[in-house]
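What follows is a set of notes on a single structure, which appears directly below.
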Amino acid sequence: MDVAQLKRQLFEYTTLLFHEGFLDEQFTQLQQLQDENNPDFVVEVVSLFFDDSQRLLNELAKALDQQNIDFKKVDAHVHQLKGSSSSIGAQRVQRVCIAFRNYCQDKNVEGCLKCLQQVKQEYSLLKNKLETLFNLEKQILAAGGSAPM
């Protein structure tokens, strides 16, 4: 596949991620911070988000598995996940976190467990989609094209 086709594929895929609500304008702003001095900026920031989110998801699962659930602790973890997802433009993860926090405030165990499953699913979907996006960018570079900025 030539560079022009790959770039068109990348553009269409990125547009789809925005259209399907996986990403929002914050992701675009993140991309604008990337330049030739730091060409891996977005990948690095997103990788940190995925590492931190996985840790938070594990903490949430542990906290919700307790006999006496500390809803303040659960809410603090969800609040952190909501903030970090918002900072990279992970709109669908952020939306589930909003509902999750409401269930925490209501001390609704069933609602919290349901939201934990939803946020895990959205996290996994987003991770796969962004890995595909970053692989397309790598293919463009490998084909002799320039990194999209």
Over all atoms of both residues, closest heavy-atom pair of Val3 and Gly144:
CG2-C, 4.3 Å
Indicate, with yes or no, if Leu81 and Leu125 share a hydrophobic cluster defined by side-chain heavy-atom contacts under 4.5 Å among Ile, Leu, Val, Met, Phe, Trp and Tyr.
yes
May I ask whether Tyr103 and Leu57 are part of the same hydrophobic cluster, defined by side-chain heavy atoms of I, L, V, M, F, W, Y residues being less than 4.5 angstrom apart, directly or through others?
no
With clusters defined by side-chain heavy atoms of hydrophobic residues (ILVMFWY) lying less than 4.5 Å apart, directly or transitively, does Phe11 cluster with Leu6?
no
Under the 3.5 angstrom rule, does the side chain of Gln117 hit a backbone N or O of Lys114 as a donor-acceptor pair?
no
Measure the spacing between CG of Leu33 and OG1 of Thr28 and express it to the nearest 0.5 Å.
11.0 Å
When every non-hydrogen atom of Phe27 is compared with those of Val46, the smallest separation belongs to CE1-CG2, 4.3 Å
Quick one, Glu122 with Arg95, criterion side chain to side chain contact (heavy atoms under 4.5 Å, CB included). Give me CA distance, side-chain angles, the key distance, then yes/no.
CA-CA 10 Å; Glu122 290 298 338; Arg95 283 188 183 147; over 6 Å; no
Atom pair NZ/NE2 of Lys62 and His77 - distance to nearest 0.5 Å:
8.5 Å
Identify the heavy atoms of Ser53 and Ser84 that sit nearest to each other, and give their distance.
OG-OG, 4.4 Å
Output yes when Lys72 and Asp75 qualify as a salt bridge under the 4.0 Å nitrogen-oxygen rule, no when they do not.
no
On a heavy-atom basis, which atom in Cys97 and which in Val78 lie closest, and how many Å separate them?
O-CG1, 3.5 Å
With a 3.5 Å distance limit and no angle check, can you tell me whether Gln26 reaches the backbone of Ile88 through a side-chain donor-acceptor pair?
no
For the residue pair Phe49 and Tyr123, does the interplanar ring angle fall in the parallel (under 30°), tilted (30 to 60°) or perpendicular (over 60°) class?
tilted
Give the cluster check for Val93 versus Leu56: same hydrophobic cluster or not, with ILVMFWY residues linked at side-chain heavy-atom distances below 4.5 Å.
yes
More than 12 heavy atoms of other residues, nucleotides or ligands under 6.0 Å from OH of Tyr13: is that the case?
yes
Let's go through Val43 and Leu130 carefully: what are the C-alpha distance in whole Å and the side-chain angles of both, what is the deciding distance for side chain to side chain contact (heavy atoms under 4.5 Å, CB included) to 0.1 Å, and is it a yes or a no?
CA-CA 9 Å; Val43 171; Leu130 287 178; over 6 Å; no
Exercise: identify the closest heavy-atom pair between Lys82 and Ile98:
CE-CG1, 3.6 Å
Closest non-hydrogen contact found for Thr14 with Leu133 is OG1-CD1, 3.0 Å
Hey, is the main chain of Glu131 close enough, under 3.5 Å, to the side chain of Asn135 for a donor-acceptor pair?
yes
Please confirm whether the backbone N or O of Leu126 pairs with a side-chain atom of Arg92, one donor and one acceptor, at under 3.5 Å?
no
Treating Gln34 as the side-chain partner and Val42 as the backbone partner, does any N or O pair qualify as donor plus acceptor under 3.5 Å?
yes
What about Phe18 and Leu16, same hydrophobic cluster or not, with Ile/Leu/Val/Met/Phe/Trp/Tyr joined at side-chain heavy-atom distances under 4.5 Å?
no
